[in-house]
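Structure first, commentary second.
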Amino acid sequence: MNVVYDTALGERVQLIGPKQGRFTMYVCGPTVDNSAHLGHGRLAIVFDLLRRHLEKRGVEVVMVQNITDVDDKIIDRAKRSGRTPMEVAREFEAAWFSTLDRLRILRPTHSPRATEWIPQMIGMIAEMVDNGSAYRISDGVYLSVDRVEGYPRLSRQDRDELLAGARVEVSEEKRSPLDFALWKLASAQEYGFDSPWGWGRPGWHTECVAMSLGLLGEGFDLHGGGMDLVFPHHENEWAQAAVLGKRFCRHWMHNGLVEMAGEKMSKSIGNTMSLAEALDRYGPRPLRLAYLRAQYRSPLEMGEAVLEEAERALERIDDFIRRVQGAVSAAAAPKMEEFAAALDDDLDTPRAFAILFEAVRAGNAAIDAGQLDAARALAGSVAGMLDWVGIGLERLEIPGEIAELVAERERAKASRDYVSADRIRERLGELGYVLKDTRDGPVISRA
RNA sequence: GGCGGCGUGGCCGAGUGGUUAGGCAGAGGCCUGCAAAGCCUUGCACAGCGGUUCGAAUCCGCUCGCCGCCUCCA
């Protein structure tokens with residue numbers, strides 16, 4: 001049933017076996033050197049969606065997402081702000097989780113920190129040195145890609161072309177420009193850890209291998225991350241697993257990047273919008289809808305216009321649910337399977353939402369035709385779909401005073417006192433509520 | 001330069017051979033105290049040029065344009 005595009009194979013594959021009840025996934029997490037931006041939000045949303053979808057399909061999901069808390073940028077930031085790298089990392093880690101909680105991202109089953117896996121990484125590196133696939137030079141320990149069979153196989157590039165176009169700094173000591181650091185030596189004054197090769201820090205690509213294999217075991221189901229991690233990060237993870245003789249992940253999945261004005265949003269370009277700010281301004285539901293508008297592999301334009309459009313689109317859905325006065329029926333759930341089937345097809349959220357909006361249209365039409373049972377069944381489906389993808393229903397509590405104003409206005413309308421009625425509607429507006437009259441009575445919502 | 005991908009109606013964005021995607025915006029109508037909302041109707045859309053085919057947005061070739069990766073990055 002569930003088909004997904006596998007980066008390594010360049011084609012769609014069956015993600016779940018016929019009798020598979022458990023699914024293990026590892027998703028590359030953040031380097032906690034700064035606040036999360038909209039790009040991180042998409043990563044979180046995409047894999048949260050996959051997880052929710054599989055769980056709805058009855059599969060138990062074990063998800064691991066690491067926290068990279070040792071990194072040069074963390075160290076730089078610590079130096080600049082007169083703190084320890086650990087303090088900086090913990091601050092942004094806490095911010096990461098609280099922001100993702102606000103986005104209603106389910107917490108991973110495990111969130112390992114790189115610094116807590118140093119011994120395992122050292123053990124792995126030692127093994128690679130012992131079996132001759134890694135070597136020590138003056139500034140660290142490197143993996144020799146020549147020892148990796150079929151080396152660039154995830155990014156499916158030609159090795160010679162990769163070498164020709166290599167822009168990495170050429171070290172005289174490295175056996176190949178493509179060789180990458182497993183352990184970087186540092187002076188004793190610098191932040192670091194002890195190792196058989198001296199004081200230093202692990203290379204970035206090593207932690208994910210240690211933690212994914214350590215927590216999920218060989219041959220885990222899926223490894224995911226942003227498209228920009230395909231090369232070199234994921235390529236080099238795979239390379240390490242290969243020289244260690246370990247089966248790595250069965251499949252690879254990568255989400256497309258978020259763009260602003262047609263250009264990739266990234267820390268290095270500096271065109272980022274903070275996830276926390278977007279949450280402050282638009283709230284989690286419109287934001288999630290905006291993310292799911294495009295299929296996860298496509299580039300996604302983000303910005304005010306996009307988010308405002310998502311707000312209006314969501315308003316259409318919420319208006320419909322309000323029209324049935326919360327009387328949603330969970331019984332029939334028309335179109336529900338069609339919706340889920342779209343998600344089975346490589347998480348085709350645009351198609352899924354087309355089905356959802358079609359249910360909204362049909363539901364509204366049913367109300368207009370006086371077919372309330374049909375409308376409630378459709379509302380039940382819509383509610384189920386929103387829940388399925390983590391958007392959920394609007395949580396609207398109407399304070400007693402507001403309800404009283406609405407009732408008062410109904411009395412004014414009944415006595416054809418439209419001046420008072422309009423005044424009360426204005427008053428409600430000042431209090432932050434929007435009142436719409438329908439043939440079934442007034443509907444109140446938050447502005 | 002190499003590799004990967006993309007170019008769909010005003011905007012966003014599905015769709016891999018043949019009936020309306022969907023959303024936002026716009027136009028007309030119905031409904032309506034007003035305002036919204038809702039419903040109905042409405043848009044000669046598939047970068048260009050060739051080719052395959054009874055038939056192509058969908059397959060093949062070429063051209064043009066855009067993006068990503070090749071360096072830290074979700």
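- In RNA chain B, runs of at least 3 stacked Watson-Crick or G-U pairs (N1-N3 plus N6-O4 or O6-N4, or N1-O2 plus O6-N3, all under 3.5 Å) give these stems: B:1-7 with B:64-70, B:10-12 with B:22-24, B:26-30 with B:38-42, B:47-51 with B:59-63.
- Contacts of A:Lys264 with the nucleic acid, taken as non-hydrogen atoms under 4.0 Å apart, include base atoms.
- At whole-Å resolution of the value, CD in A:Glu311 and P in B:G23 are 18 Å apart.
- Regarding A:Leu257, its CG atom lies at a distance of 9 Å from the P atom of B:G68, rounded to whole Å.
- In this structure, A:Arg175 is positioned above the aromatic face of A:Tyr135, its NZ or CZ under 6.0 Å from the six-membered ring centre and within 45° of the axis.
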Determine, stepwise, if the pair A:Arg409 / A:Asp437 fulfils salt bridge (Lys or Arg N to Asp or Glu O under 4.0 Å). CA-CA 11 Å; A:Arg409 178 167 173 280; A:Asp437 288 317; 2.8 Å; yes

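- Panel note: side chain A:Glu173, backbone A:Ser138; a donor-acceptor pair is recorded below 3.5 Å.
- For the pair A:Arg153 and A:Trp238, the cation-pi test (distance below 6.0 Å, angle within 45°) is passed.
- Among B:U71, B:A74, B:G13, the nucleotide with an atom closest to any side-chain atom of A:Pro350 is B:G13.
- Interface residues of residues 289-297 of chain A facing RNA chain B, ordered by number: A:Arg293, A:Ala294, A:Gln295; criterion, heavy-atom separation under 4.0 Å.
- Note: NE2 (A:His254) to P (B:C3) measures 20 Å, nearest angstrom.
- Distances shorter than 4.0 Å separate none of the side-chain N or O atoms of A:Ser298 from OP1 or OP2 on B:C12.
- Under the 4.0 Å criterion applied to side-chain N and carboxylate O atoms, A:Arg312 and A:Glu309 are not assigned as salt-bridge partners.
- Residue A:Phe353 contributes atom CZ, which lies 18 Å from atom C1' of B:G15 at whole-angstrom precision.
- Look at the P atom in both B:G15 and B:U52: the space between them is 29 Å, to the nearest Å.
- Here B:C3 presents its C1' atom at 14 Å from OH of A:Tyr151, a figure rounded to the nearest Å.
- Across all their heavy atoms, A:Ile398 and A:Tyr433 have their closest contact at CD1-CE2, 4.1 Å.
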Generate the contact string for nucleotides 31-39 of chain B. Rules: B means base contact, S means sugar-phosphate contact only, - means no protein heavy atom under 4.0 Å. --BBBBSSS

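- B:G5 atom P lies 12 Å from atom CD of A:Glu11, rounded to whole Å.
- Separating the C1' atom of B:U8 from that of B:U20 is a span of 16 Å, rounded to the nearest Å.
- Going from atom CE of A:Met260 over to atom C1' of B:C67 covers 17 Å, rounded to whole Å.
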Show each protein N/O and nucleotides 26-30 of chain B N/O combination with a separation under 3.5 Å, one pair to a line.
none

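- Remark: the A:Glu358 side chain and the B:G22 base include no donor-acceptor N/O pair separated by less than 3.5 Å.
- In this structure, A:Asn271 contributes its side chain and A:Ser266 its backbone to a donor-acceptor pair below 3.5 Å.
- With sequence neighbours left out, A:Tyr151 forms a side chain to side chain donor-acceptor pair (under 3.5 Å) with A:Asn236.
- Closest contact between the side chain of A:Pro232 and the listed nucleotides B:G68, B:C70, B:A14 involves B:C70.
- With sequence neighbours excluded, no residue forms a side chain to side chain donor-acceptor pair (under 3.5 Å) with A:Tyr191.
- The separation between A:Ile75 atom CD1 and B:C72 atom C1' is 13 Å, rounded to whole Å.
- For the pair A:Val4 and A:Arg12, the minimum side-chain heavy-atom distance is 4.5 Å or more.
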